[in-house]
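Values reported hereafter were calculated over all heavy atoms of this structure, with side chains retained and with hydrogens, waters and symmetry mates removed.
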Amino acid sequence: MPENNGSVTLHTSENGIATISFYHPAQNSLPATTLDELTQQIEVAGSDLNTRVIVLKSEGERTFCAGASFDEILQIKDKQAGAVFFSGFARVINACRKSPKIIIARIQGKAVGGGVGLAAGADYCMATEAASIKLSELAIGIGPFVISPAVIRKVGLPAFSQLTIRATDFQTAQWAKDKGLYNDVYPDIAALDEAVDTLSQKLASYHPEALTGLKQILWEGTENWDELLHERAAISGELVLSEFTQQALQRFLQGNK
């Protein structure tokens, strides 16, 4: 696999707010190591008795997350390796789902593919007007199979269908709010950060057992996702080996050089 230049950090404040931040120079894309580190830090923050609420964010201003690392996908040579890679997204979403803490996603810029899935894995999403979204998987010969349960849970099947079928089109942050993926949209990053800070401090002041009970209610009916998301990862892992997908990925990478 290519060298990973990404990072994931966890910082917990004295008032019980855990902030998990990730970064990758390729528009905050998610190679396997970053996915594994995200899963680990979400689990660490969730098990910390001093943590009351988790804020999930990325670095930079323009892009929240560009989704899967295309460079890394091109290195996949067999079905097993493909399933393992896409299972990284399954593990992150399931870590969010099973965490006893409420997770706020701070979406400061565009979210594509797995980045939309990451937003959908949070309990509450706060975004800027620049945080447009796109599910581009169909255009490169795969599909948003792993993240689809999380996205459909938030936006419903009709909106998911639109996102998936219009694979080359961005939908606005206001569209994402209207459909239920985002809860609040702000004019700029400064306003977003102020709102995230205010809400996270409020939540941190609430009864922790009440927050845990709420978390369980929010995710009712998803108990089979450990198996379901990994089954979906196997589908993506097989499709990515096709000549169609390999050529589509090469064209995309050449066009972005």
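For the side chain to side chain contact (heavy atoms under 4.5 Å, CB included) test, residues two or more places apart in sequence or in another chain that qualify with Ile235 are Phe145, Arg232, Leu239.
Residue-environment remark: CG (Leu49) stays at or below the threshold of 12 foreign heavy atoms within 6.0 Å. By the neighbour-count criterion of 12 heavy atoms within 6.0 Å, atom CD of Glu194 is sparsely surrounded, having that number or fewer from other residues, nucleotides or ligands. By the neighbour-count criterion of 12 heavy atoms within 6.0 Å, atom CD of Gln174 is densely surrounded, having more than that number from other residues, nucleotides or ligands. Atom NZ of Lys77 has more than 12 neighbouring heavy atoms from other residues, nucleotides or ligands inside a 6.0 Å radius.
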Evaluate the criterion side chain to side chain contact (heavy atoms under 4.5 Å, CB included) for residue pair Arg153 and Leu218; output intermediate values, then yes/no. CA-CA 10 Å; Arg153 171 178 167 269; Leu218 292 177; 4.1 Å; yes
Start with the C-alpha distance between Gln40 and Asp36, add both sets of side-chain angles, then the distance that settles side chain to side chain donor-acceptor pair (under 3.5 Å), and finish with yes or no. CA-CA 6 Å; Gln40 180 181 355; Asp36 288 344; over 6 Å; no
Side chain to side chain donor-acceptor pair (under 3.5 Å) assessment of Gln247 paired with Glu243: CA-CA 6 Å; Gln247 291 178 353; Glu243 183 179 354; 2.9 Å; yes
Derivation and outcome, side chain to side chain contact (heavy atoms under 4.5 Å, CB included), residues Trp175 and Gln162: CA-CA 11 Å; Trp175 185 94; Gln162 181 176 344; 3.7 Å; yes
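Proximity of Leu30 to Phe22: side-chain heavy atoms (C-beta onward) are separated by under 4.5 Å at one or more points. A heavy-atom distance below 4.5 Å is not found between the side chains of Ile17 and Arg52. Counting heavy atoms from C-beta outward, Ile73 and Leu249 have side chains that approach closer than 4.5 Å. Within the 4.5 Å cutoff, the side chain of His230 has heavy atoms near those of the Arg91 side chain. Within the 4.5 Å cutoff, side-chain heavy atoms of His24 are placed close to those of Pro31. Thr34 has its side chain out of reach of Tyr23: every pair of non-hydrogen atoms, C-beta onward, lies at least 4.5 Å apart. The closest side-chain heavy-atom distance from Glu129 to Tyr186 is not below 4.5 Å. Taking 4.5 Å as the limit, every side-chain heavy atom of Met126 sits out of range of all side-chain heavy atoms of Ile107.
Hydrophobic cluster membership differs between Leu241 and Phe244, with clusters built from Ile, Leu, Val, Met, Phe, Trp and Tyr side chains linked at under 4.5 angstrom. In the hydrophobic clustering of this structure, Val112 does not group with Ile133; members are Ile, Leu, Val, Met, Phe, Trp, Tyr whose side-chain heavy atoms approach within less than 4.5 Å, directly or through other members. In the hydrophobic clustering of this structure, Ile165 does not group with Leu163; members are Ile, Leu, Val, Met, Phe, Trp, Tyr whose side-chain heavy atoms approach within less than 4.5 Å, directly or through other members. Cluster membership check: Val84 does not share its hydrophobic cluster with Ile147, using side-chain heavy-atom separations under 4.5 Å among Ile, Leu, Val, Met, Phe, Trp and Tyr. Hydrophobic clustering (ILVMFWY, side-chain heavy atoms < 4.5 Å, transitive): Phe170 and Val185 are in distinct clusters.
Put simply, the side chain of Thr63 never gets that close to the backbone of Gln27: no donor and acceptor are under 3.5 Å apart. Judged by distance alone, the side chain of Asn183 and the main-chain N or O of Cys125 form a donor-acceptor pair under 3.5 Å. Thr222 places no side-chain N or O within donor-acceptor distance of the main-chain N or O of Trp225, the cut-off being under 3.5 Å. Between the side chain of Lys57 and the main chain of Ile104, no donor-acceptor pair closer than 3.5 Å is present. Not one N or O on the side chain of Gln80 forms a donor-acceptor pair closer than 3.5 Å with the backbone of Asp78. Of the possible polar contacts, one joining the Gln108 side chain to the Gly60 backbone as a donor-acceptor pair under 3.5 Å is found. In this structure, the side chain of Ser236 does not engage the main chain of Ala233 through any donor-acceptor pair within 3.5 Å. No side-chain donor-acceptor contact under 3.5 Å links Asn28 to the backbone of Ser58. Put simply, the side chain of Thr245 gets close to the backbone of Gly141: a donor and an acceptor are under 3.5 Å apart.
In this structure, CG on Leu10 lies 5.5 Å from CD1 on Ile20, to the nearest 0.5 angstrom. Note that OG1 of Thr19 and NE2 of His11 are 6.5 Å apart. Values are rounded to the nearest 0.5 Å. Rounded to the nearest 0.5 Å, atoms CD (Gln246) and CD (Gln250) are 7.0 Å apart. For the atom pair SG (Cys96) and CG (Leu118), the distance works out to 6.0 Å, reported to the nearest 0.5 Å. For the atom pair CG (Leu135) and CZ (Phe160), the distance works out to 6.5 Å, reported to the nearest 0.5 Å. One distance of note links CG of Asn15 with CG of Asn50; it measures 11.0 Å at 0.5 Å rounding.
Figure legend: cation-pi geometry between Lys110 and Phe64 absent, as NZ or CZ is not positioned both under 6.0 Å from the six-membered ring centre and within 45° of its axis.
Residues Ile42 and Ile54 approach most closely at O-CD1, 4.2 Å, considering heavy atoms. The nearest pair of heavy atoms linking Ala90 to Leu229 is CB-CB, 3.6 Å. Scanning all heavy atoms of the two residues, the minimum distance from Pro25 to Asn5 falls at CD-O, 3.5 Å. Considering all non-hydrogen atoms of both residues, Val55 and Ser200 come closest at CG2-CB, 4.1 Å. Here the closest non-hydrogen pair linking Ala32 and Phe85 is N-CE1, 3.9 Å. Nearest heavy atoms, Lys101 versus Ala45: CE-O, 3.8 Å.
Ser69 and Asp71 share no donor-acceptor pair across their side chains, judged by distance under 3.5 Å alone. No hydrogens or angles considered: nothing links the side chains of Glu43 and Ser99 as a donor-acceptor pair under 3.5 Å. Checked by atom type, the side-chain pair Asp197/Gln201 shows a donor-acceptor distance below 3.5 Å. Under the 3.5 Å distance criterion, with hydrogens and angles disregarded, a donor-acceptor pair is assigned to the side chains of Arg97 and Asn94. Ser161 and Thr164 are not linked by any side-chain donor-acceptor pair at a separation below 3.5 angstrom, with hydrogens and angles left out of the test.
Under the 6.0 Å cut-off for aromatic ring centres, Tyr124 and Tyr182 do not qualify, their centroids lying 6.0 Å or more apart.
For the pair Lys134 and Asp169, the salt-bridge criterion is not met [side-chain N within less than 4.0 Å of a carboxylate O]. Using a cut-off of 4.0 Å between Lys/Arg side-chain N and Asp/Glu carboxylate O, Arg106 and Asp193 are scored as salt-bridged. Taking 4.0 Å as the cut-off between side-chain N and carboxylate O, Asp226 and Lys98 count as a salt-bridged pair.
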